[in-house]
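Start at 1 with the first residue, then count along the sequence.
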Amino acid sequence: MSYKKTDYPMYYLAVLMPKTGRGANKVRYYKASRDLRRMLTVEKQLNPNGWKQALLESLLVVPKRRYKYPFGKPEKTFRASLAKVVGITTYRPKFIITTSKSQFVLANSWTSQEDSQHYLSFVQHDYNASTKAKIAVDWAGWRQEDERQFASKLYQTIQQAI
């Protein structure tokens, strides 16, 4: 039995960077990771008209700059932020930072009123301490009441339009 590697279509994600750090409040483009491409392909098959809405307004871990494997430093220093997905396209944008990571939290989860520390620990994954701290600061910024209410209303509007 031979294993055939499935090729998924390429998707590009427009993300709104958090209010802190380099590139604050700017929209940047990332290639979707292989896991996200697989999820979007399944969503497209299940819901051909509203497949893009599955990931809109969700929070996604994105690298701050290009990275290469294996990492050059033994402690595996990695800089990342928690950004909000504001668009998805199959057309290649002019400027792409790099490939996104696969950790994300859907809009209906991070905008809820309940304490969601398990979502924060999921997006922090197994990064180093400085990256975990940066993601925690971004999480706190996105979880502010005005950000949550705006994203929740927008997410509900998107879901009603499907």
Nearest non-hydrogen partners of Leu106 and Ala54, listed with the distance: CD2-O, 3.3 Å

Name all residues meeting the side chain to side chain contact (heavy atoms under 4.5 Å, CB included) criterion together with Gln103; count only those two or more places apart in sequence or in a different chain, and write none if there are none. Val61, Lys101, Phe122, Val123, His125, Tyr127

Looking only at heavy atoms, which two atoms of Lys84 and Phe150 are closest? And how far apart? NZ-CD2, 4.2 Å

Roughly how far, to the nearest 0.5 Å, is NZ of Lys52 from CG of Leu13? 11.0 Å

According to a 4.5 Å side-chain heavy-atom criterion applied to Ile, Leu, Val, Met, Phe, Trp and Tyr, with indirect links allowed, do Leu59 and Val137 form part of one hydrophobic cluster? no

Mutual orientation of the aromatic rings belonging to Tyr119 and Trp139 [parallel < 30°, tilted 30-60°, perpendicular > 60°]: tilted

Heavy atoms, side chains only, cut-off 4.5 Å: are Pro18 and Leu82 in contact? no

By salt bridge (Lys or Arg N to Asp or Glu O under 4.0 Å), Lys132 pairs with (sequence neighbours left out) none

Side chain proximity check, Leu36 to Ser100, heavy atoms < 4.5 angstrom: yes

Partner set under salt bridge (Lys or Arg N to Asp or Glu O under 4.0 Å) for Lys153, not counting sequence neighbours: none

State, to 0.1 Å, how close Ala151 and Thr111 come at their nearest heavy-atom pair, and which atoms those are. CB-CG2, 3.8 Å

Contacts of Tyr11 that satisfy ring-ring contact (aromatic ring centres under 6.0 Å, His included) - sequence neighbours left out: Trp51

With sequence neighbours excluded, tell me which residues meet salt bridge (Lys or Arg N to Asp or Glu O under 4.0 Å) with Lys31. none

Tyr29 atom OH, over 12 foreign heavy atoms within 6.0 Å: no

Remaining members of hydrophobic cluster (4.5 Å side-chain criterion), Val42: Leu46

Do Trp142 and Leu16 have side chains that get closer than 4.5 Å, going by heavy atoms? yes

